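Since this is a predicted model, take the numbers as computed values, not measurements. One-based numbering, in listed order, for ligands and for the atoms of each.
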Amino acid sequence: MGFSIHWSWLAALSCLLCMGNEVRCDCTEERMEIVGGDYILTKQLKIGSMLVYQCPEGYYPYPHLTRICELNSIWKPAPKRFFPQRCKRVECPDPNVMEYGNIFPPQEKYFVDNETTYECYSGYRLRGSSRRVCLSNGKWSGFTPICSRDTGDSCADPGIPPGATRDGNAFGIDDKVTYSCNGELFLVGSSERVCQENGHWTGKEPACFYKHTYDTPLEVSQEFGSAIKGSLTTLEPIDDTQEGRKIRISKNGTLNIYIAMDISASIEEKDFNKARNAVTKLIEKIASFTVTPNYEIVFFSSEVYEVVSILDFLDKQITLKAILTELGNFKIGERNTGTDLNGVFTRFLERMAIIKQQVGEERFKEHRHVLIFFTDGAYNMGGSPAPTVEQIKNMVYMNQTGSQSYQSREEYLDIYIFAIGAEVFDSDLQPLATGPTSERHYFKMKDIDNLQETFDEIIDEEEVKGLCGLHKDYESIHKGNKRQMHPWWASITIKNQGLPRDCLGSLVTPKFVLTAAHCFTFEDLPEHVKVVIDDGQGKEKKIKSFKLHPEYNINAKVNKGVKEFYDYDVALIQLEEDVNISSAARPICIPCTQETSDALKLVGESTCKQQEEILLKNHLESLSFLNKKQGTTVVVKNVTAKMGDIRDDCIKHALGAPGISTKDPKEVVTDNFLCTGGQTPIRDDMSCKGDSGGAVFKNYEHRTIQVALVSWGTTDLCGLGGGDLHTRQTARDFHINLFRVVPFLKSILGNDTLDYAPLTFLKS
Ligand SMILES: *[C@@H]1O[C@H](CO)[C@@H](O)[C@H](O)[C@H]1NC(C)=O
Ligand SMILES: *[C@@H]1O[C@H](CO)[C@@H](O)[C@H](O)[C@H]1NC(C)=O
Ligand SMILES: *[C@@H]1O[C@H](CO)[C@@H](O)[C@H](O)[C@H]1NC(C)=O
Ligand SMILES: *[C@@H]1O[C@H](CO)[C@@H](O)[C@H](O)[C@H]1NC(C)=O
Ligand SMILES: *[C@@H]1O[C@H](CO)[C@@H](O)[C@H](O)[C@H]1NC(C)=O
Ligand SMILES: *[C@@H]1O[C@H](CO)[C@@H](O)[C@H](O)[C@H]1NC(C)=O
C-alpha cells in the first residue's frame, strides 16, 4: 500500500526533469522474471509501480516478495544476476523444539505436505497432536504437541511452539514463561504468560511466523470472531451469579468502533470495492449483536477520507441503514499513493478527545474503543504511529499505563490490525496491536479477496449459539449449505393410517419444533411423527411428545357452516434430544420473548405490544414463508399481510373455500389469523399443501422473527399451473398470528420447571 520513503513528492519533480531531457523514466522488465511463477505490475513500468511476484499454492517468492520502481528508474531491491528470483517451497517452523519426546522424521527443514509424528519418552504423556502436516500457509496442522508428566504444579506445561524458544521451566502460581522465535521468524501472540491461581496460563499460545506465513480465513474468523464478540457481548446485560458473587456488567457502557482501511495500493476500482464490501459485511455482522455501537469509518492513503464520523453519533441516533448508505455511496477521486498511518491514529485520538470533552470524564470511563485497521504497514509519511498509540492508551487507560491497575482498563481498548498486502511490514505493525492479552489482535492475511467471507464466518462461533434467528445471506453461502439462510426449518412427516402427511415446522428452541395442529389426527402417536432437521449430523430427530393448542378443534363449527375450523391451529413437538446448534440449525425468534426484543434492539423493559408494532405495523406487511421443494430444499415465497381496514376485504374470500356455508367471514377467520393472497396491490405467492405449519417470517437485519405459521388456504393453486386470473385474484391464505397464541407458547416453552432450558417471555 505504501512505497519506498518519500518517493511520491519527488516523483513528480523527477518526471518533469526526465521529460525535459527526453530520458525515459520507466523501469524495464529486464531480469524481472521469476522461476516457477509470475508477476504483476501495479502501475505498469512507471515510477512508483510495485512489482508483485506470484507463486503457486505452497510456494512463495524468494528472495523478495515485491520490488518498487524507484525515482532513478531502477528497481529496488535490484535483481541479482547470480541469485535469481524463484518460487520457493513454503517452509514450516522447526518442530524439533519439543521437550521430552521424539519427532519423526528428524529433518533439518520441513516443507509443505511434510508429515511429522510425535512420541513422548516413557513416563511422559502427550497432549496436542501426535501427527502434524506442514500446511501451505506456513503453519502446522493441529495443536502443539507437549510431553509432560504430572509434577503437581499448578499449571500444565505450556509447551514450546515450533520455531520458538521458551524461558522459564517452573509452572507454579505466578511463575512466568517467556517466548521468543528463532532465526528469521517473528512472534505473534503472547510473548509472556503467567501461571494463575485457577491453574490457567494468561494469554494465548504464541506462534512463530515466517514472512510467508499467514492466517487462513477460518483462523481469522475464529480468533477475531471470539475477540470482537468479547467486546460486543460484554455490553449485553448479564446477571451471572457465580459462587455467590454477582457480576453485573453495566449496560450504560458505550461502544465506539473506529475502522480504517488503507487504500493506497487499491489503484483498481475492484480492490476498493472489495475493501468496502468487507467493511460493510463487518458492520452488518456487528449489527446482529444487541449492541448499537458508534462508528468512525475512514479510508486512507496520504489523506484520511472520512465516510462516517463518530461525532454525528454523539447527539443523534444514526441508523445502520444510513451508515451502509454512506459507505455504499462513498467515492474517491484522485488518490495519492503515499500512506500516512499515523495520520489515521491521530484522527482517532482527536475524535476520542472530543468525545471525552462532550460526555465528561466520568461517562468517558464507560466508553469502550475498538480500533480496526486494514493495512500493510508500509507508511511513508507522518512517521511512526507508535507514539500516537501510546497517547491513545493513555487516554483510555486514564494515565495508568505502566502501573498494575491499568490492566483493569485494558478491556476498554482494542486495536486490531489486519495486515494485508503483497509485502507486509510486520515488525512495524505488530507492536501497534493492543488489547487484553487473552485475545489475539494481530492478523496476517494473504489478500483482501477473502475478507468479506471471513467476516461472514464470524457469526458461527459458540458465543452466538444462543442468538435466535441468526442466519446468513444468499451471497455469503455461495458454496455452503443453503440451510444457513433458514437454519430453523424442519420437515415433518406423519405416517399412520393412509398416505403420509407432510408439513413444515420451525425450530423455536433446541428442543421444540412449532408446527400446525392440523398436521396431526387424534390417532397419531409420537412414533408416527418424523422430524427432519438436516443439520449435517443425524438428520432425523427422535420425538418425545407433541402438544396441540387446547382450544384447537377442527369440528367446533360444523353446525355453523364451517366444515373445517382452523382457529388455534398450532402445535409444539418436543424432541427427545436438543438439536446441536450451528449455522445450519438454529432456532427462529418468536414473539413476546426477551430474545426477540434483543433482536429488535428494544432496550429496557419492552412489551409484546412494542414488538407487534414493529413487526406487524403496516397496512400491507411484507412477510415470507418457505415452500418445500423436492428433497431437502426450500424456496422463499413472499406475501403481504393485509392489516387494518383492508383486512376485512381480504378475509371475505374465505367464504369461497370448499365446505363453507356461513355468510360471516369472521366465523371462519377469527382475529387469530393473518390474511394474505390475491393479486392487488401486490401479487402474493400462495402456499401449497406441504407448506402447512411452516413459519411466516420477517427478516430484521440479520435476524429472522417468526410472526405467524401457515395454516390453511381457500384454493390449491399448486397443481393447476397457477389457476385462472379470477381464481388467483380471489385465492387467500390464512396464517395463525403467533401474537395471539402466546399463552400456549409460554405454557410450554416458558415453563422453567421442566428438564429443558426455557425461553424468557416478556411480562406483558
Ligand atoms: C518434504 O518435502 C520436500 C519438498 O517437497 C520433499 O522433497 C521431501 O521428500 C519431503 N519429505 C518427506 C519425509 O516427505
Ligand atoms: C448509568 O448511568 C446513570 C447516569 O449516567 C447512572 O446514574 C447510573 O448509576 C449508571 N448505572 C450503572 C449500572 O452504572
Ligand atoms: C493524563 O495526563 C495528561 C498529561 O499528563 C493530563 O493532561 C490529563 O489530565 C491526565 N488525565 C487523567 C485522567 O488523569
Ligand atoms: C451433537 O454433537 C455431538 C458432538 O459433536 C454429538 O456427539 C451428538 O451426537 C450430536 N447430537 C445430535 C443430536 O446430533
Ligand atoms: C422476497 O422478499 C425479499 C425481502 O423483501 C426479497 O429480497 C426477495 O427478492 C423477494 N423474493 C422474491 C422471489 O420476490
Ligand atoms: C409447567 O409444566 C408443569 C408440568 O407439565 C405444569 O404442571 C405447570 O403448570 C407448568 N407451569 C406453567 C407456568 O405453565
Side-chain angles (χ1 to χ4, degrees), residues 34-37 55-63 84-98 101-119 129-142 145 162-163 183-185 208 210-214 508-514 517 520 525-526 543-552 568 570-578 590-596 607-608 738-764:
I34 173 168
V35 180
C55 288
E57 177 94 358
Y59 291 82
Y60 70 100
Y62 181 84
Q85 183 75 24
R86 63 190 169 99
C87 285
K88 201 173 166 184
R89 254 192 116 74
V90 164
E91 208 177 304
C92 280
D94 188 2
N96 290 290
V97 293
M98 182 179 78
N102 293 316
I103 293 117
F104 301 102
Q107 276 169 223
E108 201 181 319
K109 291 188 165 189
Y110 296 85
F111 298 98
V112 176
D113 295 338
N114 278 181
E115 200 179 308
T116 47
T117 55
Y118 303 82
E119 240 179 54
S129 308
S130 59
R131 179 185 159 272
R132 303 185 89 179
V133 179
C134 175
L135 305 175
S136 59
N137 62 345
K139 294 189 187 186
W140 289 99
S141 66
E184 61 197 293
L185 292 157
C208 291
Y210 284 102
K211 225 171 155 43
H212 63 253
T213 308
Y214 57 88
V508 288
T509 77
K511 233 192 191 85
F512 283 93
V513 173
L514 178 63
F520 303 91
L525 296 170
I543 307 305
K544 187 165 177 189
S545 62
F546 58 86
K547 283 204 181 72
L548 313 190
H549 194 291
E551 288 177 64
Y552 169 74
Y568 301 107
V570 285
L572 281 164
I573 302 175
Q574 183 175 356
L575 306 176
E576 199 63 69
E577 271 182 54
D578 281 10
I590 57 169
C592 301
T593 58
Q594 184 57 46
E595 290 237 301
T596 299
T607 63
C608 255
L738 294 191
F739 282 99
R740 302 284 163 270
V741 291
V742 170
F744 169 71
L745 300 174
K746 186 172 174 179
S747 71
I748 297 171
L749 303 173
N751 195 324
D752 57 6
T753 63
L754 302 169
D755 63 343
Y756 50 80
L759 285 180
T760 312
F761 281 82
L762 300 178
K763 289 201 199 86
S764 61

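Near Ser747, meaning under 4.0 Å from any of its heavy atoms, are these atoms of ligand 6: 14 (O). The distance from ligand 6 to the heavy atoms of Thr753 drops below 4.0 Å at these ligand atoms: 1 (C), 2 (O).
Ser129 places no side-chain N or O within donor-acceptor distance of the main-chain N or O of Arg132, the cut-off being under 3.5 Å. Side-chain N or O atoms of Trp140 include none that pairs as donor or acceptor with a backbone N or O of Asp94 at under 3.5 Å. Between the side chain of Thr596 and the backbone N or O of Ile590, at least one donor-acceptor pair lies under 3.5 Å. Although no hydrogens or angles enter the test, the distance criterion places no donor-acceptor pair under 3.5 Å between the side chain of Asn102 and the main chain of Glu119. Listed for the Arg131 side chain is no donor-acceptor partner under 3.5 Å among the backbone atoms of Thr117.
A salt bridge links Asp755 with Lys544: the closest approach of a Lys/Arg side-chain nitrogen to an acidic carboxylate oxygen falls below 4.0 angstrom.
With sequence neighbours left out, Lys88 forms a side-chain contact (heavy atoms from CB on, under 4.5 Å) with Tyr60, Tyr62, Arg86.
Protein residues with a heavy atom closer than 4.0 Å to ligand 1 are Arg89, Gln107, Phe111, Asn114, listed by chain and number.
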